[in-house]
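Reviewing the structure listed below.
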There are 2 protein chains.
Amino acid sequence: MDGIRILIVDDQPLVRRGLRSVFEGLPGIVTVGESPDGLDAVRDVRRLRPDVVLMDVNMPRMDGLEATRRICAPERNNGTRVIILTMYDRDEHVFEALRTGASGFLLKDSPTSTLEQAVREVAAGEALLSPSVTRRLIGEFARRPSLSTPGADLGHLTDRELDVFRLLVCGHSNQEIARMLVLGESTVKSHVQHLYQKLGVRDRVQVVIYAYENGLIDRRLLPA
Amino acid sequence: MDGIRILIVDDQPLVRRGLRSVFEGLPGIVTVGESPDGLDAVRDVRRLRPDVVLMDVNMPRMDGLEATRRICAPERNNGTRVIILTMYDRDEHVFEALRTGASGFLLKDSPTSTLEQAVREVAAGEALLSPSVTRRLIGEFARRPSLSTPGADLGHLTDRELDVFRLLVCGHSNQEIARMLVLGESTVKSHVQHLYQKLGVRDRVQVVIYAYENGLIDRRLLPA
DNA sequence: GGTGGTCTCCCCCGCCCGGGGGAGACCACG
DNA sequence: CGTGGTCTCCCCCGGGCGGGGGAGACCACC
């Protein structure tokens with residue numbers, strides 16, 4: 001491996017040129033391409049297989065957030081990581097951007113040394129945010145104590161109880177769970193009762209609340 | 001103001017000495033004191049009023065997390081901000097630490113330039129994390145879309161329906177809601193039916209899920 | 001005065017769910 | 001071989017809930 005391969009995505013040629021010049025000459029970093037919008041970026045990622053994408057947010061045809069979502073989609077991600085580059089750090093954009101799967105979020109006025117550091121960290125599998133973004137994220141995080149205790153001990157649940165648990169917290173009825181697991185409804189009810197006892201709750205609603213409050217929700221299982 | 005005043009908290013004298021030497025000679029940064037444990041640190045913060053505290057985690061008498069909680073407690077905080085310094089970045093510690101009110105979380109093996117940058121950013125009201133910590137935080141954050149899309153339009157709900165909604169998503173039964181709002185259970189059931197229609201869901205479990213997925217949960221209303 | 005919305009409460013019904021118990025089968029551990 | 005745990009399913013029961021309809025009272029608007 002002869003360096004970190006980066007792809008620059010921005011609709012303004014001048015910005016692309018500027019970024020390219022920032023990384024030109026930095027050891028171990030090679031700019032392998034530029035894309036003028038999100039749609040092209042998704043295509044170019046498949047073609048060029050860069051290690052890191054520097055992604056603008058506001059672009060025609062497809063914005064950077066949607067492009068990032070597609071690039072980071074687990075089903076066909078090949079290791080490419082994305083750093084979002086934007087002018088603004090308003091909360092909505094930040095929080096939405098961090099959900100897209102990006103590994104970094106930097107303001108465009110960041111010093112070039114920060115850009116370089118970010119690329120290197122992200123290529124190594126770590127993440128880096130602008131300080132003001134970090135502040136917002138911590139603030140949002142701290143506002144919800146539930147976030148911070150991921151994975152309450154579900155260890156005492158048996159495998160089957162866990163199966164039922166996962167479907168229950170998605171909003172399925174006992175009957176539906178029975179069908180999905182190919183079980184009798186009686187069996188499901190039995191497992192559900194054990195869940196109540198073990199989790200110390202009263203009914204299925206409180207199981208759902210318990211799950212969310214303890215960060216046990218896997219969104220990919222949620223019904224559309 | 002003639003510089004950023006920092007307080008160094010660590011139970012190992014050698015670490016304190018090392019940190020002090022890092023900041024010695026850096027323009028605009030003055031070490032105003034050292035504390036060997038959390039209890040002393042809380043006292044020293046009141047006495048010395050530093051701008052930034054560099055806080056170790058594992059210490060006798062009182063650990064760094066509890067000390068940080070006390071220092072950052074809103075009722076008597078005077079602007080002092082805390083950077084947690086630790087050897088490890090295991091998830092439990094990270095998430096717990098970020099809830100204490102700290103503005104930074106750095107590993108002890110961070111380069112001195114990072115330490116300096118962190119102190120300056122934090123003193124300016126921003127925040128800074130080690131890249132591996134940032135990665136964990138983003139990962140945890142991204143796991144919950146509910147955090148980031150606050151306020152799906154509940155505007156079409158009437159005031160009374162909203163009252164019922166808030167209690168329902170806390171896990172209360174129709175009977176309990178009726179008692180709390182001083183209503184007949186029939187009335188509550190009526191409102192609940194309207195909720196189902198307006199939110200497009202089937203039962204109370206799915207109302208709870210809807211609420212969480214749309215960031216509509218006010219944790220302060222949750223039962224203990 | 002009529003119309004529409006909200007809030008309140010009533011009736012009915014059927015079903016799913018909470019809760020209790022028991023039982024047979026399998027497997028692992030000692 | 002017994003014991004314990006898990007998984008499966010059964011019985012019973014009562015009550016809460018989902019779903020439908022209707023009705024009276026208040027208020028605002030036109």
Side-chain angles (χ1 to χ4, degrees), chain A residues 151-214 216-217 221-224, chain B residues 151-214 216-217 221-224:
Chain A
D153 46 333
L154 251 34
H156 52 301
L157 296 188
T158 67
D159 290 349
R160 218 49 173 154
E161 285 164 356
L162 215 49
D163 291 337
V164 174
F165 175 85
R166 273 189 281 263
L167 293 173
L168 194 158
V169 298
C170 292
H172 295 295
S173 70
N174 289 341
Q175 208 175 87
E176 290 169 341
I177 296 173
R179 271 197 294 271
M180 290 187 226
L181 296 181
V182 196
L183 286 178
E185 194 181 338
S186 309
T187 309
V188 174
K189 290 177 67 172
S190 175
H191 290 310
V192 169
Q193 292 298 327
H194 295 153
L195 283 181
Y196 296 157
Q197 290 172 13
K198 292 187 177 179
L199 301 183
V201 300
R202 186 180 56 184
D203 53 39
R204 53 210 305 112
V205 173
Q206 296 189 350
V207 172
V208 174
I209 294 173
Y210 178 92
Y212 273 99
E213 289 302 312
N214 290 97
L216 271 20
I217 298 296
L221 299 177
L222 243 45
Chain B
D153 47 332
L154 253 32
H156 51 301
L157 296 188
T158 67
D159 290 350
R160 217 47 174 155
E161 286 164 355
L162 214 50
D163 290 337
V164 173
F165 175 85
R166 273 189 281 262
L167 293 172
L168 194 158
V169 298
C170 292
H172 295 295
S173 69
N174 289 340
Q175 208 175 89
E176 289 169 342
I177 296 173
R179 271 199 293 272
M180 290 188 229
L181 296 180
V182 196
L183 287 178
E185 195 181 336
S186 309
T187 308
V188 174
K189 290 176 67 172
S190 175
H191 289 310
V192 170
Q193 292 298 327
H194 295 153
L195 282 182
Y196 296 157
Q197 291 172 12
K198 293 187 177 180
L199 300 183
V201 300
R202 186 180 56 182
D203 54 39
R204 52 209 306 112
V205 173
Q206 297 189 351
V207 173
V208 174
I209 294 173
Y210 178 93
Y212 273 99
E213 290 302 313
N214 291 97
L216 270 21
I217 298 296
L221 298 178
L222 242 47

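To find a chain, count down the sequence lines: A is the first, B the second, and so on, and within it residues start at 1. Hydrogens, waters and symmetry mates are skipped; everything else that's a heavy atom, side chains included, is used.
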Let me test you: for the helix from dG1(C)-dC30(D) to dG30(C)-dC1(D), what is the angle between the axes at its two ends (five pairs each), rounded to 10 degrees? 40°
So H194(B) and S190(B), do their side chains get closer than 4.5 Å, heavy atoms only? yes
State whether N174(B) places a side-chain N or O below 4.0 Å from either non-bridging phosphate oxygen (OP1 or OP2) of dG16(D). no
By nearest-heavy-atom nucleotide on DNA chain D, the more 5' of D203(B) and V188(A) is V188(A)
Short side-chain N/O contact from R202(A) to OP1 or OP2 of dG18(C), under 4.0 Å: no
Ignoring the backbone of S173(B), work out which of dG16(D), dC7(D), dC9(C) is nearest its side chain. dG16(D)
Does the side chain of K198(A) come within less than 4.5 Å of L157(A)'s, by heavy atoms? yes
If you compare every side-chain N and O of T158(B) against the phosphate oxygens of dT6(C) (OP1, OP2), does one of them come in below 4.0 Å? no
Under 3.5 Å: donor-acceptor pair, side chain of Q206(A), backbone of R202(A): yes
Do H191(A) and D163(A) have side chains that approach each other closer than 4.5 Å (heavy atoms only, starting at C-beta)? no
Decide yes or no for V169(A) and Y210(A): does some side-chain heavy atom of the first lie under 4.5 Å from some side-chain heavy atom of the second? no
Nearest-Å distance, CD (Q206(A)) to P (dC17(C))? 16 Å
For dG20(C), take OP1 and OP2 only and decide whether either is under 4.0 Å from a side-chain N or O of Q193(A). no
Examine dG18(C): is either OP1 or OP2 under 4.0 Å from a nitrogen or oxygen in the side chain of R204(A)? Give yes or no. yes
Considering every strand and a 4.0 Å limit on heavy-atom distances, what is the contact class for S190(A): base, sugar-phosphate, or nothing? base
Heavy-atom distance under 4.5 Å between the side chains of V208(B) and R204(A), does that happen here? no
With a 4.0 Å cutoff (strictly under), does any side-chain N or O of H191(A) reach OP1 or OP2 of dT8(D)? yes
What nucleotide, of dT6(D), dC7(C), dG19(D), holds the atom closest to the side chain of Y196(B)? dG19(D)
Side-chain N,O (S186(A)) to OP1/OP2 (dC10(D)) below 4.0 Å: yes
